[in-house]
**Q** 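Sharing a structure below in structure tokens format, with a few things to ask.
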Amino acid sequence: MSQEPIRYTISIYSENNVGLLNRISAIFLKRHINIESLTTSLSEIPDVFRFVIVVMVTEPQVQKLVQQIEKQVDVIKAFYHTDEETIFLETALYKVKTSFLFEERQIQNFIKESHANIVTVSPEFFVIEKTGFRHETDALREALQPFGLATICALWPYFGLKSPHGYLTNLKFVQRKPNLDYGKLFQPTIVKRAITATGQVPLYGRRRICRRSYSS
Amino acid sequence: MSEKLHISGAEAVIRCLLAEGVDLIYGYPGGAIMPVYDELYKFQDQLHHVLTRHEQGATHAAQGYARTSGKVGVAIATSGPGATNLITGIADAQIDSTPLVCITGQVASHLLGSDAFQETDIIGISTPVTKWNYQITNAEEIPEIMAKAFYIARSGRPGPVLIDITKDAQFAKFDYSYKKCTGVRSYKPVPTLDHDQVKAAAEAINGAKKPLIVWGQGVILGQAEAAFKAFVEKTQIPAAWTILGLSALETAHPLNKGMLGMHGNYAPNLLTQECDVLIAVGMRFDDRVTGRLDAYATQAKVVHLEIDPAEINKNVYADYPVLADCKASLEALTPLVQPKKLDEWMARFDELYKQEYEVVIEKDLRPQKEGLSMGEVIVAINKASKSDAVIVTDVGQHQMVACRYAEFVRSKSNVTSGGLGTMGFALPAAIGAKMGAPDRHVVAVIGDGGYQMTIQELGTIFQTKVGVKIVILNNDFLGMVRQWQQLFFEKRYASTEMTNPDFVAIAKGYYIPAKKVTAREELESAVAEMFATDGPYFLEVVVEKENNVFPMIPTGASLTEIRLS
């Protein structure tokens with residue numbers, strides 16, 4: 001087992017209750033472990049909530065974290081994955097002065113080359129949206145930097161799985177709580193839906209984050 | 001129950017408690033919980049409320065009650081300081097797996113987050129130290145949440161649950177009906193026994209040449225005492241206990257080889273490092289038991305019978321985990337194991353016990369010094385109670401001595417703060433312990449330091465007339481800290497010496513019969529008199545000031561480094 005801290009993604013399926021976020025983050029706090037990123041949303045299963053938490057820890061540490069998380073009454077199931085077992089995509093929004101769009105022709109090329117979209121234009125600012133791997137969103141940020149990039153916001157990492165067939169075999173999951181009501185939770189059919197969702201990003205919560213960023 | 005009643009949230013709380021079979025609760029009133037107290041007044045014939053003198057006392061008393069009765073302890077307090085004062089007891093119950101339901105009042109829901117008078121975020125504060133908690137802002141939630149609270153507190157690995165109820169929810173009226181909780185969809189309290197795991201464990205045990213059983217409170221919580229004894233007697237494997245496992249198997253049993261850990265017995269500690277198969281039953285490999293973890297029983301294959309999946313591989317890797325309620329796993333395991341002939345291995349225990357006896361035990365129990373030793377006080381209690389008292393201990397030297405030398409013939413007789421090590425635990429816990437086992441003698445053995453942390457509960461004893469026997473082992477020191485200062489800090493006794501008051505006068509101030517013993521020849525008769533007196537009794541025993549507790553495994557040392565002096 002690896003004793004070096006590496007990046008693990010913990011995904012948690014849970015009830016949607018007030019205070020659960022606090023209860024889960026307390027498990028990290030108690031062990032003095034910093035959370036790299038945390039996303040909460042509805043999951044692909046109706047009425048079930050999902051947390052995705054990224055941490056830099058050793059494998060024994062992540063196993064114990066997952067065991068403690070699963071122990072919580074409101075948690076249905078928790079898994080951990082290495083980077084190889086997950087796909088990270090993030091959505092970045094870039095706010096740029098509208099005048100640059102006309103004065104600096106390169107910007108249009110950046111948008112085209114990076115397959116980004118313009119999501120809104122106002123007389124003062126326009127907003128570019130890019131969904132991709134971290135190095136892609138980083139590249140666009142660097143490209144836009146000289147041209148009055150006002151803000152970059154709404155970084156929203158989320159994860160998917162490389163192969164639906166490999167779901168149960170590839171995942172190292174600590175299965176300690178066989179489920180009564182959620183026996184079908186991890187059937188491949190549901191997993192496929194999750195994969196599709198990953199590609200198209202219609203997930204709940206994203207739009208809300210975008211809206212908030214518009215007003216910033 | 002199908003009764004439909006249009007009642008207030010506060011009355012619903014009381015009816016829920018009654019529906020759960022609760023007849024005794026501990027608490028302290030205050031502004032935000034007054035509607036519930038008003039209902040308590042109306043229901044006082046059915047639900048007895050014990051007014052402690054501090055909310056911490058209420059949680060510890062509820063713990064003591066839960067530990068001797070096996071039922072869920074209930075504590076109730078108001079918002080703000082009332083709620084925060086519960087926290088020490090809740091944290092203690094969490095780490096020692098004691099089933100508690102704590103109910104706190106909260107400011108009205110429209111005031112939440114406004115820094116209202118006596119508002120505190122008790123849900124946030126209690127989250128890391130509760131098994132589950134919930135804030136009720138709507139009276140209609142009360143029956144379902146209360147039912148869930150009791151179910152969660154007592155099922156699986158037990159623990160404390162806190163329910164915070166806003167004042168408006170206590171006042172609001174609704175149609176009440178109660179249904180017991182039988183399951184929570186995201187929560188599986190007891191893992192299903194896997195027979196392959198049992199078979200693998202049985203094979204490992206059958207192949208063992210030098211096996212050792214280490215058991216913990218799981219045996220008591222799982223009501224597995226008989227199953228455990230059957231397993232031990234069939235296999236004839238020596239067994240040793242953690243501090244919370246104490247009394248699950250009678251002290252005099254020939255296979256009971258004593259206490260594990262920092263101040264445990266010499267033989268089971270040293271032989272943990274020699275055994276080939278270590279069979280852990282309902283225990284969690286606390287650092288006080290294992291010493292240095294990377295040197296702990298590295299030669300042994302570990303069989304771990306455990307109800308909580310999060311404990312498997314947490315501290316010690318389990319080669320053969322058996323996940324289930326330990327009663328179920330023991331009952332499945334016993335038919336598959338063969339009796340063993342372990343004469344040579346048993347001789348090692350006897351030989352090491354002899355060494356410990358000569359260097360430590362004889363000195364503790366039959367001291368040559370003029371001053372009394374803590375050990376001889378415990379022996380006097382054993383004698384007067386015929387080894388059948390409930391012993392409640394606080395934290396420190398007296399706790400280690402009491403656990404080492406107290407004798408027990410039945411389970412649920414040892415009540416102590418193990419995991420959290422809460423000084424001030426014993427006096428209030430003894431009140432609850434006596435109420436949970438009213439037919440038994442309950443003796444609180446407490447140091448002079450811990451006693452003064454919750455000394456105000458003498459008021460509760462006086463008011464309720466609960467027959468708790470209090471024995472203070474007074475050395476005018478915070479003895480355990482002083483011992484460490486002597487051994488590891490070159491006798492720099494920083495703030496460990498105590499100038500103590502006249503304890504007898506204080507007890508008498510509460511009209512509790514009291515006596516002070518300073519000489520050996522008075523001890524036995526004083527203890528006998530204590531047991532012969534009806535109702536509460538206070539006995540102060542002045543003991544040798546600078547005695548140390550041995551054996552000792554220094555913090556961070558491996559079990560092999562255990563010191564006899």
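These values consider heavy atoms only, across backbone and side chains, with no hydrogens, waters or symmetry-generated copies. Chain letters run A, B, ... following the sequence lines, proteins first, then strands; residues in each count from 1.
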**Q** For a 4.5 angstrom cut-off between non-hydrogen side-chain atoms, does A:Arg23 reach B:Thr130?
**A** yes

**Q** Decide, yes or no, whether a salt bridge links A:Asp47 with B:Arg185 under the criterion of side-chain N to carboxylate O below 4.0 Å.
**A** yes

**Q** OH/B:Tyr187 to CD/A:Glu70 distance, rounded to the nearest 0.5 angstrom?
**A**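 Separation between the atoms: 14.0 Å.
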
**Q** Does anything in residues 144-159 of chain B reach chain A? List residues with heavy atoms under 4.5 Å apart, or say none.
**A** B:Lys148, B:Ile152, B:Arg157

**Q** Could you grab the distance from atom CG of A:Asn22 to atom OG of B:Ser126, nearest 0.5 Å is fine?
**A** 9.0 Å

**Q** So with a 6.0 Å cut-off around CG of B:Asp115, is the heavy-atom count from everything else above 12?
**A** no

**Q** Is there a side-chain contact between A:Asp74 and B:Trp132 in this structure, where contact means two heavy atoms from C-beta onward sitting under 4.5 Å apart?
**A**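 Side chain of A:Asp74 against side chain of B:Trp132, heavy atoms only: contact under 4.5 Å found.
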
**Q** Under 4.5 Å from any heavy atom of chain B, what part of A:Lys30 do you find: side chain, backbone, both or neither?
**A** neither

**Q** Quick one: are B:Thr127 and A:Gln72 in side-chain contact, heavy atoms under 4.5 Å?
**A** no

**Q** Excluding sequence neighbours, so at least two apart, what forms side-chain hydrogen bond (donor to acceptor under 3.5 Å, both in side chains) with B:Asp164?
**A**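 With sequence neighbours excluded, B:Asp164 shows a side-chain hydrogen bond (donor to acceptor under 3.5 Å, both in side chains) to B:Thr104, B:Gln106, B:Gln135, given in chain and number order.
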
**Q** Test your reading of the model: is there a side-chain donor-acceptor pair from A:Lys64 to the backbone of B:Lys314, 3.5 Å cut-off?
**A**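 Present.
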
**Q** So which part of B:Asp308 gets closer than 4.5 Å to some heavy atom of chain A, the side chain, the backbone, both or neither?
**A** side chain

**Q** Keeping B:Ser186 on the side-chain end and A:Glu15 on the backbone end, is there a donor-acceptor pair under 3.5 Å?
**A** no

**Q** Test of understanding: with salt bridge (charged side-chain N to carboxylate O under 4.0 Å, His left out), list the residues that count as partners of B:Arg284, not counting sequence neighbours.
**A**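 Salt bridge (charged side-chain N to carboxylate O under 4.0 Å, His left out) check on B:Arg284 returns B:Asp286.
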
**Q** If a pair satisfies ring-ring contact (aromatic ring centres under 6.0 Å, His included) and one of its residues is in residues 89-109 of chain B, list it, with sequence neighbours excluded.
**A**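 Sorted result for residues 89-109 of chain B: empty, none.
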
